[in-house]
Structure formats: structure tokens, C-alpha cells
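Notes for the one structure printed next.
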Amino acid sequence: MTLKTIIIGLVLCFGQMTLITSCGSSGPAATPGTVEEAEAIRAKEKKKAQKEAKKAKKEAEKRFWKMQSKAAKKRVRKTRRQRKKEARKSGRR
């Protein structure tokens, strides 16, 4: 074996050893101690995800309506008002 092959082998072994030791969990501080803490963390994460989804939906809707023509927007508003009026009339009967 040449010196170059030995050096490459040692570098690869050293690289593997550093990767193996760094793949472990971050420690006991990362895991909650009680069930209540875990539930609180999950609730917080869920709330954050819902907020992000709501924001993304709002942006998508805004982008969609920005792309529509003025006539299309007007037609949708008119139809919406008409359906609202019909719903009120059908509720009276």
C-alpha cells in the first residue's frame, strides 16, 4: 500500500468516527419531563402550524383575486349578494 492510500483510509475512518458521535440526540433537555409539558409543546407547535397554514391560504387567495379581471370580481360579488338575498327570503317562509 502506498502512503496516499493509508492517509485516505485514516481520513475516512476519522470522518466516520466524528459523524457517528455527532448523530446522537441532543440530550435529556430536549425531551419534556412530564406528559403535560409534552402536550403543551405539541399544542404550541400545532398552533404555530395552523397559523402558518392560515397565512399561506390568505396569501394564495389574495394572489388568486389579484389575477382575476374586474368583471369576474364584480360577477362573484353580485352572485354572492344574490345568494345571500335568496337565503334570507327562504328563511322567512
Side-chain angles (χ1 to χ4, degrees):
M1 290 180 26
T2 64
L3 184 62
K4 186 177 178 181
T5 309
I6 294 172
I7 292 174
I8 291 174
L10 288 173
V11 168
L12 287 176
C13 286
F14 181 72
Q16 279 185 331
M17 294 303 283
T18 57
L19 287 175
I20 289 173
T21 57
S22 66
C23 288
S25 66
S26 60
T31 57
T34 63
V35 175
E36 290 79 18
E37 289 176 1
E39 289 174 349
I41 291 170
R42 286 186 54 123
K44 192 180 286 187
E45 289 173 354
K46 184 178 177 183
K47 186 177 180 181
K48 185 177 180 182
Q50 285 176 341
K51 188 175 181 180
E52 289 173 0
K54 185 178 177 182
K55 188 174 182 179
K57 182 182 176 187
K58 187 176 180 180
E59 288 294 322
E61 193 171 323
K62 191 175 182 180
R63 196 175 325 110
F64 171 78
W65 284 112
K66 203 176 233 185
M67 292 173 59
Q68 300 302 314
S69 68
K70 189 175 181 179
K73 292 176 193 176
K74 189 175 180 180
R75 182 77 238 158
V76 169
R77 280 195 302 269
K78 194 171 183 180
T79 305
R80 193 178 291 151
R81 274 190 246 125
Q82 185 180 3
R83 292 223 174 106
K84 203 174 185 181
K85 192 174 182 181
E86 288 173 1
R88 277 196 311 257
K89 283 186 178 181
S90 68
R92 291 183 189 168
R93 295 180 190 175

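Taking Lys54 as the reference, nothing meets the side-chain contact (heavy atoms from CB on, under 4.5 Å) condition, with sequence neighbours excluded.
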When the side chains of residues 38-52 are checked against the rest of the protein, which donor-acceptor pairs come out under 3.5 Å, sequence neighbours left out?
none

Under 3.5 Å, which donor-acceptor pairs link side chains of residues 60-74 to any protein atom two or more places apart or in another chain?
| unit_1 | atom_1 | unit_2 | atom_2 | d |
| --- | --- | --- | --- | --- |
| Ser69 | OG | Ala72 | N | 3.2 |
| Lys73 | NZ | Trp65 | O | 3.4 |

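For the atom pair NZ (Lys84) and CD (Gln82), the distance works out to 13.5 Å, reported to the nearest 0.5 Å. To the nearest 0.5 angstrom, Arg81 atom CZ is 10.5 Å from Lys85 atom NZ.
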